[in-house]
Amino acid sequence: MATILITGGVRSGKSLLAETRAAALPGRPVYIATAEPGDAEMAERIAAHRARRGAEWRTVEVPLDLAGALDATDGHGPRLVDCLTLWLSNLMGAGRNWRAEAEALAATLARQQSPVILVTNEVGMGIVPANALARAFRDAAGGLNQRIAAMADEVILTVAGQPLKVKG
Amino acid sequence: MATILITGGVRSGKSLLAETRAAALPGRPVYIATAEPGDAEMAERIAAHRARRGAEWRTVEVPLDLAGALDATDGHGPRLVDCLTLWLSNLMGAGRNWRAEAEALAATLARQQSPVILVTNEVGMGIVPANALARAFRDAAGGLNQRIAAMADEVILTVAGQPLKVKG
Amino acid sequence: MATILITGGVRSGKSLLAETRAAALPGRPVYIATAEPGDAEMAERIAAHRARRGAEWRTVEVPLDLAGALDATDGHGPRLVDCLTLWLSNLMGAGRNWRAEAEALAATLARQQSPVILVTNEVGMGIVPANALARAFRDAAGGLNQRIAAMADEVILTVAGQPLKVKG
């Protein structure tokens with residue numbers, strides 16, 4: 001079934017668009033959160049998103065095994081993955097090979113019966129960071145986005161809360 | 001009347017596009033500048049923009065009370081607000097609540113008789129800044145852009161000086 | 001003949017799109033590289049791009065005299081310039097006037113018989129850098145992109161590896 005990738009800058013309306021799209025699909029929606037409420041700033045953002053979605057959503061928290069969570073929730077309703085960039089950060093923090101994980105995710109997405117909407121971030125349109133780790137991260141984020149966009153049925157860039165169709 | 005939001009990266013042609021659009025509308029155009037020539041770099045940029053616009057433009061400088069300036073100049077010709085991002089920076093520097101100010105601005109825009117073209121900036125497509133204040137600023141900038149875009153009749157993203165229609 | 005400008009964030013698929021477009025045009029393609037393998041990270045990236053292109057490409061390395069390289073390779077097949085942002089960095093490092101060089105490049109492009117595809121970078125959609133040199137560089141990069149886009153027949157923004165038509 002359909003794979004939709006929604007990308008955009010920070011606070012550009014990606015999550016809200018993804019929620020709206022998911023809620024319009026049949027079945028009880030599942031929110032697959034890759035964030036870990038590690039600090040106060042992130043915990044606050046997670047709580048605000050959860051309050052906005054409301055009780056009809058089921059929430060699954062999965063920092064690393066995204067493919068497993070998709071397979072385990074397939075066949076009932078739409079899944080919203082929020083977000084790929086934090087998942088990548090978790091993978092790199094755990095010393096995983098992100099390229100292999102991206103391939104495995106693409107293969108998992110291709111065999112899903114229920115639709116999947118994935119939120120990701122544009123992080124590569126600023127000045128080159130002085131920090132080598134930040135450069136490696138934005139390279140990986142770009143590579144991951146390309147890999148998933150290549151197999152997605154639809155790719156959308158959000159700008160100031162408005163959707164701009166990129167593919168599909 | 002029409003509200004047009006023009007967003008884009010630094011030196012992407014936002015101001016020139018906004019001036020061209022404003023100059024094509026009937027009535028003497030008003031340039032509403034939110035910048036304060038606080039340092040040499042900014043003063044130089046302001047002077048260059050002013051020289052380009054020419055004498056037919058009336059200029060109003062307003063660091064904080066944007067809604068007041070719009071109401072005071074309504075009914076004659078187009079207004080160009082350049083730019084929302086500096087206005088936000090001024091608001092935050094003055095300890096104002098930017099969400100309340102964004103709501104008030106949206107309400108003010110909705111009741112204008114003459115068109116308003118607003119320039120803003122994309123600042124959220126780079127790597128996450130290490131600085132907490134910078135993170136708070138880009139979150140607020142994204143929220144402000146979303147709020148105004150939601151009520152605008154037209155939203156344009158400039159890329160390398162070329163307009164890309166996002167809404168309208 | 002046609003001038004095509006391809007812009008986008010880091011690892012957004014600019015080079016691959018440029019190579020695909022060039023390879024589809026008649027004649028043996030010429031790769032005009034502005035990068036200098038000054039450090040290990042850059043040398044690795046250059047080697048990976050070269051391996052991907054394959055042996056049918058002719059490669060010319062030219063850190064500064066881009067106009068001369070275009071004139072010298074005209075009349076045979078497509079040229080791919082990768083990338084304008086590194087060329088700008090080289091110009092600024094050598095103390096050259098980038099505005100004058102941008103004008104000269106635009107004039108050179110306008111008289112080419114064979115097509116030219118130029119890759120550049122979006123670097124102005126992040127938070128304002130604290131460093132004055134970084135601010136000057138992203139201003140110049142935006143100005144250069146605008147100048148070439150203004151005379152180009154086609155401008156494309158790549159997002160997650162997907163092309164988004166901006167002009168043409």
Side-chain angles (χ1 to χ4, degrees), chain B residues 6-17 19-20 35 38-42 44-46 48-49 52 83 85-86 88-90 92-93 119-142 145 156-166, chain C residues 3-12 14 83-85 88 98-99 102 105-106 118-160 162-168:
Chain B
I6 299 179
T7 187
V10 71
R11 295 290 164 103
S12 64
K14 306 177 300 290
S15 294
L16 182 56
L17 175 65
E19 289 165 27
T20 306
D39 62 57
E41 202 176 319
M42 185 58 81
E44 193 184 326
R45 193 170 285 212
I46 290 172
H49 277 198
R52 182 174 68 187
C83 68
T85 318
L86 282 167
L88 175 67
S89 176
N90 296 339
M92 291 175 88
V119 171
T120 191
N121 286 262
E122 285 303 310
V123 298
M125 297 197 192
I127 212 81
V128 181
N131 182 304
L133 199 67
R135 286 201 302 276
F137 182 74
R138 60 177 211 153
D139 278 0
N145 287 352
I156 296 167
L157 173 71
T158 54
V159 175
Q162 307 295 317
L164 195 59
K165 177 86 76 176
V166 174
Chain C
T3 299
I4 302 168
L5 181 68
I6 299 179
T7 186
V10 69
R11 296 287 165 108
S12 65
K14 306 177 301 290
C83 71
L84 283 185
T85 317
L88 175 68
W98 71 264
R99 285 180 199 279
L105 175 60
L118 304 108
V119 171
T120 191
N121 286 262
E122 286 302 310
V123 297
M125 296 198 191
I127 212 80
V128 180
N131 182 304
L133 198 67
R135 287 200 302 277
F137 182 74
R138 59 178 213 153
D139 279 0
L144 173 60
N145 286 352
Q146 280 194 54
R147 183 63 191 87
I148 304 306
M151 64 75 60
D153 303 287
E154 200 177 336
V155 180
I156 296 167
L157 173 70
T158 53
V159 176
Q162 306 295 316
L164 195 59
K165 177 87 76 176
V166 174
K167 176 184 178 182

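Sequence lines set the chain letters: A, B, ... in the order given, protein chains first and strands last, and positions in each chain run from 1.
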**Message:** At a heavy-atom distance under 4.5 Å, which candidate from B:Val159, B:Val123, B:Thr158 has the highest pair count against chain C?
**Reply:** B:Val123
May I have the list of side-chain donor-acceptor pairs in residues 127-135 of chain C shorter than 3.5 Å, sequence neighbours left out?
residue	atom	partner	partner atom	Å
C:Asn131	OD1	C:Leu133	N	2.8
C:Asn131	OD1	C:Ala134	N	3.0
C:Arg135	NE	B:Glu41	OE2	3.1
C:Arg135	NH1	C:Pro129	O	3.2
C:Arg135	NH1	C:Ala130	O	3.1
C:Arg135	NH2	B:Glu41	OE1	3.0

**Request:** With chain C as the partner chain, list the residues of residues 9-16 of chain B whose heavy atoms fall under 4.5 Å from it, by residue number, and write 'none' if nothing qualifies.
**Result:** B:Gly9, B:Val10, B:Arg11, B:Ser12, B:Gly13
**Complete:** One option among B:Gly126, B:Ala160, B:Gly8 has the most heavy-atom pairs under 4.5 Å with chain C, and it is B:Ala160
**Request:** For B:Arg52, look at atom CZ and say whether over 12 heavy atoms of other residues, nucleotides or ligands are found less than 6.0 Å away.
**Result:** yes
**Asked** Which atoms of C:Ile148 come close to chain B, meaning under 4.5 Å heavy atom to heavy atom: side chain ones, backbone ones, both, or neither?
**Response** neither
**Fill in**
CG (C:Asn145) and CD (B:Gln162) are apart, to the nearest 0.5 Å, by 11.0 Å
**Message:** Nearest 0.5 Å, please: how far is CG in C:Leu164 from CG in B:Leu157?
**Reply:** 8.5 Å
